[in-house]
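Data first, discussion second: the structure below is written as structure tokens.
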Amino acid sequence: MPRIYLETYGCQMNVADSELMLGVLAAQGYVQSGVPEGADVILLNTCAVRDNAEQRVVGRMGELQRHKFPGSIMGVVGCMAQRLGPILLEQVPAVDLVVGPDGYRNLPELLRHAQGGERVSDVEYRSWEHYEDVPQVRESGPTAFVTVQRGCDYQCTFCIVPTTRGPERSRQLVDVVRETRQLVERGVSEVTLLGQTVNSWQEGSEDFADLLRAVGAIEGVRRIRFTSPYPTDFTPRVIEAMATTAAVCEHVHLPVQSGSNAVLKRMRRRYTRERYLEVVAALRQAIPGITLSTDIIVGFPGETEEQFRETLGMVMEAGFDDAYTFKYSVREGTPAERIAEHVPDEVASERLQRLIDAARLQTRQRNAVRVGQVHEVLVERPAKRGHLMLARTRQNFLVLVDVPRDSVGAYRRVRLTGTTGSTFTGALEHGSLVVI
Ligand code: SAH
Ligand code: F3S
């Protein structure tokens with residue numbers, strides 16, 4: 001049986017897409033290999049959101065090409081493949097195959113051509129594509145990603161995603177529900193709904209509030225997460241559905257990007273600092289204890305020291321529990337490429353460090369006061385080191401707990417006993433075992 005080795009970079013959507021590709025190829029008799037040695041097909045599922053993400057892939061292609069043998073194929077798929085298309089074939093001789101996010105259905109045929117000695121690419125946009133009939137190959141476990149929306153129609157000026165993933169399309173509610181039901185049958189109790197602006201999901205008159213309610217009504221779904229929502233798509237209806245659907249977890253990842261109105265405008269984000277804070281306030285009021293994480297970019301063209309300080313202030317004012325921080329990376333063909341006022345790299349690096357320090361300090365402080373609290377955790381998997389298991393609270397805190405290995409998938413009540421600042425240790429609260 002032919003063997004496929006697949007590496008995934010970037011966001012959760014890529015993880016979900018890799019599961020799709022494994023499904024497409026499994027139907028052709030491919031089996032997954034954990035190592036590149038001897039693999040008939042090596043695929044890299046790539047990210048194009050920042051230059052360093054692409055550079056990592058370039059480096060990895062160099063390393064992996066030594067595992068090629070006559071007749072074997074190395075393919076680049078995903079966002080970087082879509083962005084560069086056939087240019088990748090020209091620039092990297094070891095690459096035989098280039099396929100964008102809407103072309104995975106054609107992988108078997110493209111592979112046949114490649115195995116016949118052709119070098120092939122498929123970077124067509126197919127705005128109807130949802131891969132509805134493709135059964136994914138997923139790792140077993142209690143959590144799963146469910147894609148509910150592909151592509152993006154927002155035009156944030158820094159972002160390559162609308163180019164790499166094409167136009168936005170929502171998947172039908174019945175299909176999302178059917179897939180979730182199947183997951184529950186296989187032991188999944190927590191689903192994360194995926195989309196680039198996931199809370200703008202819509203099907204006719206039904207909106208994201210209806211989707212949350214429909215998924216929340218499925219028996220066996222105990223936790224719902226979603227990523228990433230767009231701040232201004234949190235309508236009162238959506239917030240109400242979150243507050244009243246028991247399974248929806250008390251955590252939201254809410255990318256803010258900047259705390260300066262001038263920068264937000266140049267980024268073409270659809271909100272001001274004030275509007276963003278209103279959304280935060282509405283979420284906090286409706287969902288007690290909700291935690292917030294965010295994405296922030298520093299060094300966007302024209303960002304002044306003063307504007308950067310507004311971003312620093314935003315970290316505290318919004319009360320983020322966690323922040324993913326990035327140095328702006330210019331992406332070819334995006335509108336921001338044409339904004340002339342480049343921020344020097346040393347300045348951007350220095351701002352990034354200050355932001356990281358401020359965000360970390362805040363995470364630490366917020367977590368320190370949580371020690372002693374009791375939370376329900378879902379045991380997800382063994383921790384990387386030692387014998388402890390990794391579990392997660394509804395508010396998205398990671399907790400190391402001393403429970404048997406066969407507790408994966410179980411819900412337990414734990415008391416948080418300590419924190420490293422970012423993760424926690426926890427002890428079982430006896431006599432309060434939670435049955436799934
Ligand atoms: N809609 C998606 C965005 C995907 S990109 C979501 O909300 O998850 C993920 C994050 O990468 C963005 O939120 C942004 O903070 C960051 N990012 C996107 N383009 C970038 C760029 N050109 N330079 C630096 N960071 C970028
Ligand atoms: Fe990118 Fe903005 Fe869409 S960050 S993915 S263009 S919402």
Side-chain angles (χ1 to χ4, degrees), residues 9-17 46-56 78-80 82-83 101 125 145 147-170 192-201 208 225-234 251-260 263-271 276 279 292-303 308 311 314-315 318 320 322-339 342-343 345 348-349 351-352 355-356 359:
Y9 295 83
C11 64
Q12 289 101 325
M13 184 79 74
N14 264 9
V15 175
D17 280 356
T46 60
C47 172
V49 111
R50 284 170 294 276
D51 185 57
N52 57 11
E54 293 197 346
Q55 290 314 318
R56 267 180 76 199
C79 287
M80 185 179 170
Q82 183 71 36
R83 189 177 86 74
Y125 293 121
F145 295 130
T147 303
V148 304
Q149 180 193 53
R150 299 182 71 86
C152 185
D153 277 349
Y154 290 40
Q155 298 287 331
C156 306
T157 54
F158 52 81
C159 187
I160 196 71
V161 172
T163 308
T164 61
R165 289 196 163 269
E168 177 189 310
R169 65 217 89 145
S170 287
T192 302
L193 310 180
L194 298 181
Q196 299 298 337
T197 55
V198 70
N199 54 341
S200 75
W201 181 94
F208 192 63
R225 303 182 188 278
F226 51 86
T227 199
S228 281
Y230 194 86
T232 40
D233 289 320
F234 273 117
H251 167 251
V252 166
H253 181 67
L254 192 61
V256 65
Q257 314 299 358
S258 168
S260 151
V263 175
L264 288 170
K265 197 163 182 189
R266 285 200 297 277
M267 288 176 162
R268 215 184 285 151
R269 298 290 286 183
R270 304 174 178 197
Y271 51 87
Y276 182 93
V279 173
L292 294 177
S293 53
T294 197
D295 289 345
I296 302 174
I297 298 175
V298 300
F300 187 73
E303 184 189 66
F308 168 67
T311 297
M314 190 68 169
V315 172
F320 296 125
D322 202 2
Y324 298 85
T325 51
F326 310 106
K327 191 158 71 171
Y328 171 69
S329 168
V330 62
R331 306 281 65 210
E332 204 184 326
T334 57
E337 196 191 4
R338 296 192 297 273
I339 308 179
H342 173 75
V343 174
D345 191 57
S349 297
R351 286 180 190 165
L352 181 65
L355 179 63
I356 290 171

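Atoms considered below: every heavy atom in the structure, side chains included; atoms not considered: hydrogens, waters and symmetry mates. Indexing begins at 1, ligand by ligand and atom by atom, following the structure's order. Numbers here simply count residues along the sequence, with the first being 1.
Protein contacts to atom 2 (Fe) of ligand 2 involving N, O or S atoms at a distance below 2.8 Å are Cys156 SG.
Taking every heavy atom of both residues into account, Gly299 and Tyr328 meet most closely at O-CB, 3.5 Å. Shown here for Val343 and Gly302, the closest heavy-atom pair between the two residues is CG2-N, 4.0 Å. Shown here for Leu193 and Phe208, the closest heavy-atom pair between the two residues is CD1-CE1, 4.3 Å.
Shown here is Glu332, whose CD atom has no more than 12 heavy atoms of other residues, nucleotides or ligands within 6.0 Å. For Arg270, the CZ atom sits in a packed shell: over 12 heavy atoms of surrounding residues, nucleotides or ligands are nearer than 6.0 Å.
Thr294 contributes a side-chain N or O that, together with a main-chain N or O of Leu254, makes up a donor-acceptor pair within less than 3.5 Å.
The closest side-chain heavy-atom distance from Phe158 to Thr334 is not below 4.5 Å.
Partners of Asp295 according to the salt bridge (Lys or Arg N to Asp or Glu O under 4.0 Å) rule, which considers only residues two or more places apart in sequence or in another chain, do not exist here.
Between Phe234 and Phe226, the two ring planes are tilted [angle within 30° to 60°].
Around ligand 1, the residues contributing at least one heavy atom under 4.0 Å from the ligand are Val49, Arg50, Phe158, Gln196, Ser228, Pro255, Gln257, Asp295, Ile297, Phe326, Lys327, Tyr328, Ser329, Arg331.
Applying the salt bridge (charged side-chain N to carboxylate O under 4.0 Å, His left out) test to pairs two or more places apart or on separate chains, none has a residue in residues 151-164.
For ligand 2 and Phe158, the ligand atoms under 4.0 Å from any heavy atom of the residue are 4 (S).
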